[in-house]
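Okay, so here's the structure we're looking at.
All values below were derived from every heavy atom in this structure, side-chain atoms included, with hydrogens, water molecules and symmetry-related copies excluded. Note that this is a predicted model, so its numbers are computed, not measured.
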Amino acid sequence: MPLPSNKTINPTPPVSPIETLVGAIVLTILLVIAGVVLYVQDRHFNPAVALVGQSVPASAPASRPLIDHPREMAPLSAAQTFGPATLADKINGKAELYLGAGFVALDTQRFAVAAPGNPWVEVFRYDMGRAENAYAVFSSQRRQDAGAVAIGDEAYAAANALFVINGPFYIEIIASQEGPAIRQAMEALALAMAGPAQQTGKPADTDVFPAQGLLAGSISLQAANAFGFDRLDRVFTAHYSVDGAPATVFFSRRDSAAQARDLAAAYVAFLKNYGGISQPTAAPDGQMIAIMEAYELVFTFGPFLAGVHEAADPRTAEILAERLRSRLTESGHGP
Amino acid sequence: MDLDHSAMRRREFLRRLAGSGAAAAIAAGIGWKAWDRQGPPALAPAGGIFTLPPFALAPPKHRLCLARGTQRALLLEKAVAALGGIQAFIKPQDHVLIKVNAAFASPAILGATTHPELVTAMAGLCFKAGAAAVTVTDNPINDPVSCFELSGIGPAAREAGARLVLPLPAHFAPASLTGGRLIVNWPFLAGPFKGVTKLIGMAPVKDHHRSGASLTMKNWYGLLGGQRSVFHQDVHNLIKELALLVRPTLVVLDGTVSMMDNGPTGGSLSDLKATETLIVATDPVAADAFGAGLLEKKVDDLIFIAKAAAAGAGQGNWQEANPIWI
């Protein structure tokens, strides 16, 4: 329908420069206020406030017995289960070690042992999600003076304790005292939980470590933050001695050769950032860094980031790097 | 026509300006009125905000005694005597609170908790000085009864005639460190402090996965409630703040046996080393600085020591605390 000719539509008046300026000033003031509010909030961050209203599940009694324990033992406490949010309630500052390695759940229970002195043991069964994660927490806490025990995938015993990995589970059995009766009870418990030796728990990559100069029982898997570098995860380490000079050999299998090279470059940059100085080296494609009165040698080999950590001198680093390179070649991990 | 159009634009502009100004003023007023300057407390403060008084006495000539040996009770008695005797710290009718480390339900032989012998000996010394009451406490969070009983601390406290206080929800009240960044309205184990006139901290020397070491200053962590594990993300600053918040009369650091690895839980006797030194101090920072050496660490390795010293909590160079060796 046509509009009447005597009616006109008022178009929206054009925005004047003054209006634009005033609008811009108002918006700027609002942004400044918002910025100040955020800054003040950040400066006075209070985790107590941040946590208000969050419901943290408490540790829960397990619905079933933790293990089918030997008949001569009596449960001394109810089984308890802890998740990632409550693990620190049980093991305090140690929780970070497990949380950083893929922790899923912890089951614990204490048992009385029928022996003089009323001893007891406490079982800690950590579900680490994957066998590799279980190996990481097992190996990184390994007590050097302990003896191997034929239980589960790998196990060792100290005077009052037994440590076992079995698939994705890392098991600690801690006793209130030492002695033959306790040792027998701990082994019975471990067998009930993990079965006899399986010989399958040690990750296959550990075979890469050269045998010459390797200190027994020193192979370890660092799940995260190896050598203080937050990008360095899934790193196998082992301690060596070359003519009495100590050093640590390490390697980490990455998803591709390019990723290994990128990580090597980042690690070298990290070392230099903390005062490391490049040194000449005969190691092919290797970078030698002198840092804190020790030497780091870093190289890549196909998908492997590899090297020597905290060598006492450059020669020790180069000898061990060459041995590791040879083993990588022999084991078919070449580029 | 042009004039009319121009007048319309001015009126429209003024109308819009007034409208948006009024809206902004109303919004700002509502915001100002609704602004909670304190923020919500971590817990409902049934008993109000808790203020922890300082329990430290005037600094003595010697702030540190380093007693070499293995017999804890004997070393404690000798070290306290060397610092002027228990009467220099505990007066008749004092109510003494002993903050132990009962964090784990583990046996005393594993060195993860305060040794019960020391609890008995210290409570005995306090009573000998005429203390009207001695209270022993800690907040282990998980299963406190088992922690106190299986560590032997509970029986030791009872044997000495001390009162054992297990943490109950009613014991916690929000506390803040003045000028603190982390300990702000945080649940604090306030109940056992009621009527207390002297505070003694007793801790073992331990490796700690997160902070590098658990010594006398870290021991105050057990006075915190709530989901305190969040503080592990900034543990060095937390320990510094604890050192500023809690000013004890005396601390005892048990380095007769030290947990060298796999702390703070340990678990194996092979984690322990006989370091054969008991430290009694009025300066927790100096005590911890010495304790670093027992763990074969440098003082600089333990960042919280430098932070606490710089904040004025004590002497980071233990040799400057005028130590006595016995």
Side-chain angles (χ1 to χ4, degrees), chain A residues 10 13-14 16 18-19 22-23 26 29-30 33 43-54 56 58-59 76-77 80 82 85-97 108 110 119-120 122 124 140-141 143-146 157-163 172-178, chain B residues 5-6 8-9 12-13 16-17 20-21 24 28 39-43 103-110 112 140-143 146 150 174 176 181-187 208-211 214 218 221-222 226-235 261-271:
Chain A
N10 286 331
S16 73
I18 294 176
E19 283 182 289
V22 170
V26 170
I29 291 170
L30 288 172
I33 291 170
R43 289 267 298 175
H44 295 88
F45 169 71
N46 179 1
V49 173
L51 291 165
V52 166
Q54 287 187 15
V56 177
S59 65
L76 204 57
S77 66
Q80 282 187 299
F82 300 83
T86 55
L87 180 62
D89 293 351
K90 180 65 179 173
I91 62 171
N92 199 341
K94 196 75 164 288
E96 309 291 334
L97 172 71
T108 69
R110 278 187 289 274
W120 50 272
E122 184 164 14
F124 298 75
S140 64
Q141 300 179 80
R143 280 75 175 177
Q144 296 301 323
D145 57 349
N160 69 307
L162 194 60
F163 305 90
E172 289 186 344
I173 303 175
I174 310 293
S176 63
Q177 62 187 55
E178 54 184 311
Chain B
H5 183 70
S6 174
M8 183 69 82
R9 287 185 56 206
E12 179 65 15
F13 169 67
R16 288 186 188 179
L17 186 63
S20 50
L43 288 178
F104 309 109
S106 67
I109 58 164
L110 293 183
I141 294 202
N142 179 245
D143 198 1
S146 296
L150 297 178
S176 296
R181 186 171 60 83
L182 299 171
I183 306 175
V184 180
N185 288 336
W186 192 269
H208 192 279
H209 178 72
R210 194 74 189 181
S211 62
S214 177
K218 174 69 171 62
Y221 182 82
Q227 198 189 353
R228 64 190 185 192
S229 62
V230 68
F231 288 130
H232 279 137
Q233 304 306 317
D234 196 2
V235 71
D261 297 298
N262 294 310
T265 55
S268 170
L269 292 171
S270 57
D271 295 327

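In this structure, chain A has a heavy atom under 4.5 Å from the backbone of Ser106(B), while its side chain stays farther away. Ala95(A) does not touch chain B: none of its heavy atoms, backbone or side chain, sits under 4.5 Å away. Residue Ala112(B): no heavy atom, backbone or side chain, is found under 4.5 Å from chain A.
With respect to chain A, the highest number of heavy-atom pairs below 4.5 Å among Gly266(B), Ala108(B), Pro264(B), Ser229(B) belongs to Pro264(B). Most heavy-atom pairs under 4.5 Å with chain B, from the set Gly93(A), Ala161(A), Gly23(A): that is Gly93(A). Among the candidates Ile174(A), Asn160(A), Val26(A), the residue making the largest number of heavy-atom pairs closer than 4.5 Å to chain B is Asn160(A).
Contact check for Arg110(A) versus Asp143(B): side-chain heavy atoms found under the 4.5 Å cut-off. Side chains of Arg143(A) and Asn262(B) form a contact here, defined as non-hydrogen atoms less than 4.5 Å apart.
Contact between Trp120(A) and Pro107(B) at its shortest, heavy atoms only, is CH2-CD, 3.6 Å. The two residues Ser268(B) and Phe163(A) come nearest to each other via the heavy atoms CB-CZ, 4.1 Å.
Just one of Gln141(A), Lys90(A), Lys94(A) meets the side chain to side chain donor-acceptor pair (under 3.5 Å) condition when paired with Thr265(B); it is Lys94(A).
In this structure, Ile141(B) CD1 and Asn92(A) CG are separated by 8.0 Å, a value rounded to the nearest 0.5 Å. To the nearest 0.5 angstrom, Gln227(B) atom CD is 9.5 Å from Thr86(A) atom OG1. Taking CD1 from Ile109(B) and OG from Ser176(A), the interatomic distance works out to 6.5 Å, rounded to the nearest 0.5 Å. Atoms CG and CZ, on Leu97(A) and Arg210(B) in that order, are 11.0 Å from each other to the nearest 0.5 Å.
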Inset, instruction - Would you sort out whether Glu122(A) and Leu150(B) count as a side-chain contact (heavy atoms from CB on, under 4.5 Å), showing the intermediate values? - result: CA-CA 11 Å; Glu122(A) 184 164 14; Leu150(B) 297 178; over 6 Å; no

